Undergrad: 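My questions will all concern the structure given below.
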Amino acid sequence: MLDSKIPSGHISEKWTKYKSEIPLVAPNNKRKLEIIVVGTGLAGAAAAASLGELGYHVKCFTFHDSPRRAHSIAAQGGINAAKNYSNDGDSIYRLFYDTIKGGDYRAREGNVHRLAEASVDIIDQCVAQGVPFAREYGGLLENRSFGGVQVSRTFYARGQTGQQLLIGAYQALSRQIGLGTVQMYNRHEMIELVLVDGKARGIVTRNLLTGAIESHSAHAVVLATGGYGNVFYLSTNAMTCNVTAAWRSVRKGALMANPCFTQIHPTCIPVSGEYQSKLTLMSESLRNDGRVWVPKKKEDAIAIQQGKLKGVNIKEEDRDYFLERRYPAFGNLVPRDVASRAAKVECDKGHGVSPTGLAVFLDFSAAIERYGKTEANKQGLHNLSKEQIIELGEKVVSAKYGNLFEMYDKITGENPYKEPMKIYPAVHYTMGGLWVDYNLETNIPGLFALGECNFSDHGANRLGASALMQGLADGYFVIPYTIGTFLSKEISTPKFDPKGPAFVEAEKAAKDRIQTLLNIKGNQTAESFHRRLGKIMWDYCGMARNEEGLKKGRQMIRDLKAEFYKDLFVPGNADEFNPELEKALRVADFMEHGELMMVDALERNESCGGHFREESVTEEGEAKRNDESFSYVAAWEWDDNEPKLHKEDLVFEYIKLVTRSYK
Amino acid sequence: MSDLHLNIKVWRQNQKNDSGHFETYKVTANEHMSFLEMLDVLNEQLVREKKDPVAFEHDCREGICGTCSMVINGQPHGPLAATTTCQLHMRFFKEGETIVVEPFRASAFPVLKDLVVDRSSFDRIIQSGGFISVNTGQAPDGNAIPIEKDKAGKSFEAAACIGCGACVAACPNGSAMLFTSAKVTHLGLLPQGKVEEEKRVQAMVAQMDKEGFGMCSNIGACEAECPKEIKLENIAYLNRAYLKSVFSGE
Amino acid sequence: MQWLVQFFSSGIGKKVLMSLTGLFLILFLIVHLIGNLQLLKDDGGQAFNLYADFMVHNPLIKTISYGLYFFILLHAVLGLLIAAYNRKLKGQKYAVSNSQKTTWASKNMALLGILILAFIFLHMGDFWFKMKFTDQLNLQTYDGVTVKDLYARVSIAYQELWIVVAYLVGLFALGFHLWHGFQSAFQTLGLNHKKYTPTIKGLGKIYSLVIPLAYAIIPIYHYFFMK
């Protein structure tokens, strides 16, 4: 049984009490200790900067050309914080409660409460760093509401909140680089984890420009390498997002927890063709003002699919606002998993609206008119024509979502002010990740995992605007304290020689792996294997899963993997800039990880959050959780033949488990 | 869906100090593809022919990471205003067209391979002073200092810079004034950032010069090509802040 | 004073020097024009010659004029150095260039500057040098005051077609140079404001049209109407 190391005491005091009891490392000792941070997204940059500020010697790695490119930058909507600035009854407890409930009761109470506590400090920290959040006319911070909750607690910077927060963290990191406390390694990809006497003491990297394999040593290793959504090939993740750093750790004994928990985001631009390389998200915040619908009549849907009718031509009474119909209490603001599945149901029934039949409408006409009227009243304008009101309303909508609308227009060539947007669910986030305890330490001593890379806070489904919160909480406010639990015992450990035997061995393993791939000299590209893997994942481990499919999917991946090692073609050499080799190394790891996802999804015979098992549904077809049998974290130990399951039971002391209902 | 038959004339350069040359490839693209997806098709084709694929940088493919960097028919990020290469779709090109693709050019952005350039000089400019000196945990309440809505908005608009370097690529002088000024404006418009503005602006300007960026002659090509529509006003702000730091600072 | 040296060695510092000297020259153009418009007076050159004599001998004007020569040289030399430096830093040129969104003038300030400089050499060599350092000019006496007859030299010069054409080319270049330079000088000094910048830009355009045009009238008028 895994020990989560949740401290004792009342939920609201656990973290405060624990913080004051964590062993400290004195400043003179911090200077002697080295920490490797891999990844420079919100969690990684925040951690590297904060640890550098504390006086540790930090080595920070990114495979990008600059730490500012990490994919946190693409988060659009916002960041949650229990500030209660809106005076609508929000509190730390409520954010804690919403997150646990939103995660369908598959997250740890202790971690999530700590997250809710840190949320308040994050906003303060970001404002002090110069993050230009949206403000009211009085100069104070503005909030908006987000899916799955009934308060307005989301702070945002137009549709580019992730960008602004990341730039804040990047600037803090840059400051430490300038001061010399953080040594930055750009264009270095971690391809092995190095253990010395069972503890994480370093990494092996590949210099992506020169192909050089290098070892880096430290007293502890912090992974903040993001999620594995790209196992589906098509996702809203950036092209280079991958599972390699985490998977290399798994291969060294780290446990992968709940890998089947993936989030399918309901509002993405639908797929338009085979060549498509990625999917584009339209921020969930759009569901605040957009109404989701499909035509009531199948013949209307077919006419739209064939391009004979447009959304605007469908009369009000012929529209089915299916989220409002099915979930009157939350309407268009139901959590992501619920919204995604509802859209799938409508499309499966044949009511989808794009040429592929895989899309639903997201309509802003009502909001535009409503805002237009409010704005007219505000400006004291009466007797305006409908066109004038719509013009005013479009301005308001543009101020709120302008860049998203532009983006939609650019990609699809359609004007979303005039015609309803077409959206469809797409893979967006992975709740699963490396198993960590309360200290964010994996089962390998000295190896920590932050942000999307770990599994800890979102359970089976993540609420909107919570990923940014978790990344920053882990990086700014958790790891600087909890890493002390490990490092305080290491103060007399001398620095490790990156030429030591463990490193030499790891380097050799990495070089062998590269050589193996280069030597196959088959006929298919890494990209084509990746695309096929993604299709298998989407078909058998996507929005709805069942036993037969998962078993089949697993076998298909194994077959694909065998084919991969027989027929892959990687051009070029190991010791040069070689993006095809980078891809091949990542795809190889995705294959094994994908297989583990199938195994996990098969094992979890219940429907919870983003994981929907067709065998486990209510009479109305809604997801049915099984708390009696599955109220645990599934942490997997990898084995090429049969992965081994370790369980961590989830104990709920402060929240009563109920069926999640958004009706 | 209609297909486009294109000639892609692209810069090939193996390493930093090689001389480099153009090569032309035939590519069949689809009008719904993004420009980068068209290059993906070209690369699949090259790999299948066991040839070296065209190296280009890209990541988020939704116009926000700032990684993609190429000059398409003489314009950084191509012909569309306020658009990064990854969001440029092939429907804006004509059947049979020859498209010339070059790397960003500036001696402060040396070419590493094909279309890949080294933009680490931007990082060093930020490291020299493009931040607010606040440690984690030192912050007062987020609402302690009210900030005028319009000012916060303007600050945001400057902060929207994605650090892609199109401004430098477009500038006939290879100047980084738009990039540097966007950061100085973003931070300087906020009361939190005003405090150390003089120090910041001195350090960043010095670093910018040191990196080998040219001097601004207010041509405005940067503004015209910026995918995030960063304004020339920011450069005036930087000039003003710099003059102030020199003449009234101590 | 080290700070000042540091300032002028920075990129922005150098541009500020360009801007300040440029603005000074813009002001000079007005003063010079007012004096020269006397060439259009039909008085046999009396007013102009007296004015020219005054300009050469007044101690205050003399002092200012040395400043002017210095600024012209500084503006020209520094401008050319900056252009050469920028050119070097830009490195390799694009195979295709496409920049419809910028003005031609803004990208060719150095070329325009060279044309203007050549024009200034021609202009000063012909009139200013002869007036100041030679005895080639005839003398004229007005109300007992004897002065050099620069007017006669000007009239003769403006009968030569190539000189008139050279002047027009020079002024044309000046107009383009100002088209960009006028507003650019303000931008470099950081004088950009939502309310005032459009006015400055408008003024700059008017200025760069009107001033060269007004100068151009003088040789054209002489060539066609004062034979």
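Nothing here was measured: the structure is a model prediction, and the numbers come from that model. Proteins come first, then strands; the chains are lettered A, B, ... in the order of their sequence lines, and each starts at number 1.
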Undergrad: With a 4.5 angstrom heavy-atom cut-off, which part of B:Ile145 approaches chain A: side chain, backbone, both or neither?
TA: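 Backbone only.
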Undergrad: So for B:Ile147, is it side chain, backbone, both, or neither that comes closer than 4.5 Å to the heavy atoms of chain A?
TA: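 Looking at B:Ile147, backbone and side chain both touch chain A.
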Undergrad: Go through the atoms of B:Asp40 and report whether side chain, backbone, both or neither lie under 4.5 Å from a heavy atom of chain A.
TA: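 Side chain of B:Asp40 only, per the 4.5 Å heavy-atom cut-off to chain A.
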Undergrad: What part of B:Glu157 lies closer than 4.5 angstrom to a heavy atom of chain A: side chain, backbone, both or neither?
TA: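 Looking at B:Glu157, just its side chain touches chain A.
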Undergrad: Can you tell me which portion of B:Ala160 sits under 4.5 Å from chain A's heavy atoms? Options are side chain, backbone, both or neither.
TA: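 For B:Ala160, the contact with chain A is made by backbone and side chain together.
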Undergrad: If you count heavy-atom pairs under 4.5 Å between each of B:Arg91, B:Gln87, B:Lys51 and chain A, which one has the most?
TA: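 Result: the option with the highest number of such pairs is B:Arg91.
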Undergrad: As an exercise: rank A:Gly168, A:Ala172, A:Gly413 by heavy-atom pairs under 4.5 Å with chain B and give me the winner.
TA: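 It is A:Gly413.
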Undergrad: Quick check on the interface: out of A:Pro132, A:Gly138, A:Ala49, A:Ala134, who has the most heavy-atom pairs with chain B under 4.5 Å?
TA: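 That would be A:Pro132.
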Undergrad: Quick one: what part of B:Ser34 sits under 4.5 Å from any heavy atom of chain A, side chain, backbone, both or neither?
TA: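 Neither part.
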Undergrad: B:Thr83 versus chain A, heavy atoms under 4.5 Å apart: side chain, backbone, both or neither?
TA: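 Both backbone and side chain.
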Undergrad: Quick check on B:Gln138 against chain A: is it the side chain, the backbone, both or neither that has a heavy atom closer than 4.5 Å?
TA: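 Interface part for B:Gln138: backbone (N, CA, C, O).
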Undergrad: Heavy-atom cut-off 4.5 Å, strictly under: side chain, backbone, both or neither for B:Glu37 against chain A?
TA: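 Just the side chain, heavy atoms under 4.5 Å.
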Undergrad: Where on B:Lys50 is there a heavy atom nearer than 4.5 Å to chain A: the side chain, the backbone, both, or neither?
TA: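 For B:Lys50, heavy atoms of backbone and side chain both lie under 4.5 Å from chain A.
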Undergrad: Counting only heavy atoms closer than 4.5 Å, note whether B:Gln192 contacts chain A via side chain, backbone, both or neither.
TA: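 The answer is the side chain of B:Gln192.
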Undergrad: Between B:Val54 and chain A, which part of the residue has a heavy atom less than 4.5 Å away: side chain, backbone, both or neither?
TA: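 Looking at B:Val54, nothing touches chain A.
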